[in-house]
Amino acid sequence: MSWTTVADVAAAVCLLLGSVLALLAAVGVLRMPDLLSRMHAATKPQVLGTVLVMAGVGLRLRDPGIVGLLMLVVLLQMAASVVSSHMIGRASFRAGQVRHDLLVVDELSEVREHDEPRGAP
Amino acid sequence: MSPVMRTRRDGTTKLARHRAVQPFAVVWLTLVWLALWGEVTPLLLVGGVLVAVLVCVVFPLPPIDLVSGARPLLLLAVLARFLVDVVRASVQVAAVVLRRRPVRNAVVAVDLESSSDFVLTLVAAMLSLIPGSVVVEARRSTHTLYLHVLDVEDAEAAEAFRRDALALEQRVLRALPPRPVEEDAT
C-alpha cells in the first residue's frame with residue numbers, strides 16, 4: 001500500500017466524518033428547543049466538520065499551495081462562528097427570546113434589572 | 001471598535017493613524033495574501049507587504065495591549081488542550097442533539113481575574129468553541145462573561161463549569177503573562 005493510498009483513505013475518512021458532523025449540526029438546529037441551544041448546535045459540530053472537510057480536501061489534493069488557503073478557511077470559520085453566535089445569542093437575550101424554564105441557573109437576568117445603559121461596553 | 005483612536009481613556013487625544021502600521025499585523029496580512037495566492041514569489045511578497053501596509057493605514061485599529069512575552073511551550077499546551085476541547089465539544093453537542101431527553105441549560109457569570117481586554121477577548125473566543133458554552137454578554141467594565149451553557153443538570157454542574165472557565169483563563173494567563181505595569185484607568 002503506497003503513501004498516496006493511505007492519504008486517500010485518510011482523506012475519505014475526514015470528508016465523511018466532517019459531513020456527518022455538519023449533518024448533526026443541521027439536525028441540532030432543527031431539534032433544539034430554543035435559540036441559544038440552537039446556536040450551540042450551529043457552531044461547534046459545524047466548526048469541527050469544516051476543519052475535517054478541509055483536512056480531507058488537503059489530503060486528497062496534496063498541493064502545498066492549497067494548504068495555506070485551507071488553513072485560512074478554518075481560521076476564518078472559527079472567528080466567524082464565535083462572533084456570529086455571540087451576536088445572535090446576545091440579541092436574542094436582550095430581546096427576551098429566552099426559554100427561562102429550560103435554565104437551571106440564570107445569573108444574567110438577575111443583573112439585567114438594574115443594568116448599565118444599552119450599548120455600554 | 002472605533003477605527004481611529006481619537007480620545008484615549010486617560011483623556012489625551014491623538015490621531016492613531018500613524019501608529020496603526022503594526023509589524024505583527026503587517027506580517028499576518030502578508031501571510032494571508034500569500035495564502036490566497038497559493039504560492040510564494042518575490043513579486044507576490046513585495047505586493048503583499050504593500051497591500052498589508054495599505055490596509056493598516058486605511059483601516060487603523062488601536063494597538064493590542066500585548067503581553068510582556070509569550071511562553072511558547074505553554075502556549076502550545078494551551079493550543080493542544082484547546083483542540084482536544086473542540087473535538088470534545090462537538091461530540092458532546094452531537095450527543096445532546098441525538099438523545100431524546102430534553103436539554104437543560106444555564107446562564108453562568110464568570111468574573112475573569114485579568115483586567116486585560118486582550119485576555120478577555122481570547123478567553124471569550126476560546127470558551128465559545130469548547131464544551132457547551134456560548135458567550136451571551138460580555139461586560140468590559142467588570143470583565144465579566146455571561147455564558148450560556150448547554151446540558152447543565154443542576155447548580156452544582158454550573159459551578160463546575162465556572163471553575164473550568166476560570167482554569168482556562170489561568171492557563172491562558174500562564175502562557176501569555178500580562179504586562180506587569182498598571183492598567184491606566186481601566
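Keep in mind the model is a prediction, meaning the values are calculated, not measured. Letters go in sequence order (proteins before strands), and every chain restarts at 1.
In this structure, no portion of B:Val91 lies under 4.5 Å from any heavy atom of chain A. With a 4.5 Å cut-off on non-hydrogen atoms, B:Leu98 touches chain A through its backbone and its side chain both. Using a 4.5 Å cut-off between heavy atoms, A:Leu75 contacts chain B through its side chain alone, with no backbone atom that close. Contacts of B:Ala158 with chain A are made by side-chain atoms alone, with heavy-atom separations under 4.5 Å and no backbone atom involved. Looking at A:Ser81, only its side chain comes within 4.5 Å of chain B, counting heavy atoms on both sides. Of the two parts of A:Leu72, only the side chain, counted from C-beta on, holds a non-hydrogen atom closer than 4.5 Å to a non-hydrogen atom of chain B. In this structure, chain B has heavy atoms under 4.5 Å from both the backbone and the side chain of A:Val27.
When the side chains of ILVMFWY residues are joined at heavy-atom separations under 4.5 Å, either directly or via intervening members, B:Val86 and A:Leu17 end up in a single hydrophobic cluster. Clustering ILVMFWY residues whenever any of their side-chain heavy atoms sit less than 4.5 angstrom apart, transitively, puts B:Val172 in a cluster other than the one holding B:Leu76. B:Phe82 and B:Leu120 fall within the same hydrophobic cluster, where Ile, Leu, Val, Met, Phe, Trp and Tyr residues are linked whenever their side-chain heavy atoms come under 4.5 Å apart, directly or through other members. A chain of hydrophobic side-chain contacts below 4.5 Å, direct or via other Ile, Leu, Val, Met, Phe, Trp or Tyr residues, connects B:Leu173 to B:Leu75. Both B:Leu166 and B:Val78 are assigned to one and the same hydrophobic cluster, defined by single-linkage of ILVMFWY side chains at heavy-atom distances under 4.5 Å.
Expressed to the nearest 0.5 Å, how far NE2 of A:His40 lies from OG of B:Ser90 amounts to 12.5 Å. Note that CZ of B:Arg88 and CG of A:Leu48 are 13.0 Å apart. Values are rounded to the nearest 0.5 Å. Put simply, NE2 on B:His148 and NE2 on A:His86 are 14.5 Å apart, with the number rounded to the nearest 0.5 Å.
Checked by atom type and distance alone, the side chain of A:Arg31 pairs as donor or acceptor with a backbone atom of B:Arg99 at under 3.5 Å.
Nearest heavy atoms, A:Lys44 versus B:Val134: NZ-CG2, 4.3 Å. Considering every non-hydrogen atom in both B:Ala94 and A:Leu24, the closest pair reads CB-CD1, 3.4 Å. Of all the heavy atoms in A:Gly89 and B:Val136, the pair that sits closest is O-CG1, 4.1 Å. Of all heavy-atom pairs between A:Ala41 and B:Val93, the closest is CA-CG1, 3.8 Å.
Atom CZ of A:Arg60 has 12 or fewer neighbouring heavy atoms from other residues, nucleotides or ligands inside a 6.0 Å radius.
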